[in-house]
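Right, one structure below, let's go through it.
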Amino acid sequence: QVQLVESGGGLVQTGGSLRLSCAASGRTYGMAWFRQAPGKEREFVAAISWSGGSTSYADSVKGRFTGAGDNAPNTVYLNMNSLKPEDTAVYFCAARKNPWSSRYDLWGPGTQVTVSS
C-alpha cells in the first residue's frame with residue numbers, strides 16, 4: 001500500500017506564504033491537493049497530471065497557489081501565496097493507484113493550515 005505524507009502546514013498571517021509538500025512511498029498516477037475547512041465539505045485545490053499534463057487549480061486559488069511535481073511525479077508541492085483566512089483548512093494530499101482510476105483513492109493524513117485575520 002502506497003502511503004502519502006504531507007508537511008509544511010502551520011500558522012501564518014493574512015497575506016503570508018506557505019509551501020506544502022507531499023511525498024509518496026511508491027508510484028502513483030496523478031497527485032493532487034484537497035482541503036477541508038471546519039463544517040465544510042472537502043474541496044479540490046490543485047492537481048498535476050501523471051502523463052505530463054499541466055497543473056490545474058480551483059478558481060478560489062488561481063493566481064495565488066502554484067503546484068509542481070517531481071519523481072514520476074511521486075512528490076507534489078503547493079506554494080501558497082497571498083493567503084487569506086478563507087484558506088484555513090486541513091490540506092490533504094491525494095493520488096490515484098492506477099492510470100485508469102476514476103477517482104483519487106490514496107490519501108494522506110492531512111496538514112493544518114491556519115491563516116489569522
Side-chain angles (χ1 to χ4, degrees):
Q1 180 181 17
V2 175
Q3 297 183 69
L4 307 178
V5 180
E6 306 95 338
S7 62
L11 173 64
V12 299
Q13 293 185 321
T14 297
S17 300
L18 281 175
R19 179 182 174 88
L20 303 184
S21 298
C22 174
S25 63
R27 186 171 184 178
T28 64
Y29 299 88
M31 299 182 73
W33 288 100
F34 288 76
R35 67 185 183 186
Q36 186 168 25
K40 303 292 185 179
E41 294 184 351
R42 184 175 296 174
E43 64 174 331
F44 168 79
V45 176
I48 301 174
S49 173
W50 63 271
S51 58
S54 301
T55 301
S56 60
Y57 304 93
D59 289 341
S60 60
V61 305
K62 285 182 178 178
R64 299 189 298 119
F65 292 7
T66 302
D70 292 322
N71 301 320
N74 292 103
T75 303
V76 161
Y77 306 95
L78 186 67
N79 293 310
M80 305 185 295
N81 301 305
S82 301
L83 284 163
K84 307 173 181 179
E86 306 91 88
D87 296 317
T88 295
V90 176
Y91 283 70
F92 297 93
C93 180
R96 295 188 295 167
K97 295 178 181 179
N98 307 105
W100 57 83
S101 296
S102 60
R103 63 182 179 87
Y104 293 102
D105 43 18
L106 294 171
W107 295 88
T111 185
Q112 177 70 48
V113 172
T114 302
V115 184
S116 62
S117 60

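Start at 1 with the first residue, then count along the sequence. All of these numbers come straight from a predicted model, not from anything done at the bench. Reckoned from all heavy atoms, side chains included, excluding hydrogens, waters and symmetry mates.
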How long is the gap from [atom1] on [X] to [atom2] on [Y], to the nearest 0.5 Å?
{"X": "W33", "Y": "L20", "atom1": "CH2", "atom2": "CG", "result": "4.5 Å"}
{"X": "R64", "Y": "N79", "atom1": "CZ", "atom2": "CG", "result": "13.0 Å"}
{"X": "S116", "Y": "Q13", "atom1": "OG", "atom2": "CD", "result": "5.0 Å"}

Practice item. Start with the C-alpha gap between R35 and E43, add the side-chain angles, then the distance that decides, and say whether side chain to side chain contact (heavy atoms under 4.5 Å, CB included) holds. Key: CA-CA 5 Å; R35 67 185 183 186; E43 64 174 331; 2.8 Å; yes
Exercise for review: Decide salt bridge (charged side-chain N to carboxylate O under 4.0 Å, His left out) for K84 and D87; before the verdict, give the C-alpha distance in whole Å, the side-chain angles of both, and the deciding distance to 0.1 Å.
Suggested key: CA-CA 5 Å; K84 307 173 181 179; D87 296 317; over 6 Å; no
Practice item. Begin with the C-alpha distance, continue with both residues' side-chain angles, and end with the deciding distance and a verdict on side chain to side chain contact (heavy atoms under 4.5 Å, CB included) for Y57 and T66. Key: CA-CA 8 Å; Y57 304 93; T66 302; 3.9 Å; yes
Short side-chain to backbone donor-acceptor contact, [X] and [Y], under 3.5 Å:
{"X": "R96", "Y": "Y29", "result": "yes"}
{"X": "N74", "Y": "S25", "result": "no"}
{"X": "T114", "Y": "T88", "result": "no"}
{"X": "S117", "Y": "P85", "result": "no"}
{"X": "E6", "Y": "G110", "result": "yes"}

Point to revise | pair K97-L106: side-chain heavy atoms closer than 4.5 Å | key: yes
Specify the closest pair of heavy atoms between [X] and [Y], including all atoms of both residues, with the distance to one decimal.
{"X": "L18", "Y": "L83", "answer": "N-CD1, 3.9 Å"}
{"X": "Y104", "Y": "G30", "answer": "CE2-O, 4.2 Å"}
{"X": "F34", "Y": "A32", "answer": "CE1-CB, 4.0 Å"}
{"X": "A24", "Y": "V2", "answer": "CB-CG1, 4.2 Å"}

Shared ILVMFWY cluster between [X] and [Y], side chains joined below 4.5 angstrom?
{"X": "V45", "Y": "V90", "value": "no"}
{"X": "V5", "Y": "L78", "value": "no"}
{"X": "V12", "Y": "V61", "value": "yes"}
{"X": "V113", "Y": "F92", "value": "no"}

Exercise for review: May I ask you to decide if the ring planes of Y91 and F65 are parallel, tilted or perpendicular, using 30° and 60° as cut-offs?
Suggested key: tilted
Practice item. Given side chain to side chain contact (heavy atoms under 4.5 Å, CB included), test L4 with M31 step by step and report yes or no. Key: CA-CA 10 Å; L4 307 178; M31 299 182 73; 4.2 Å; yes
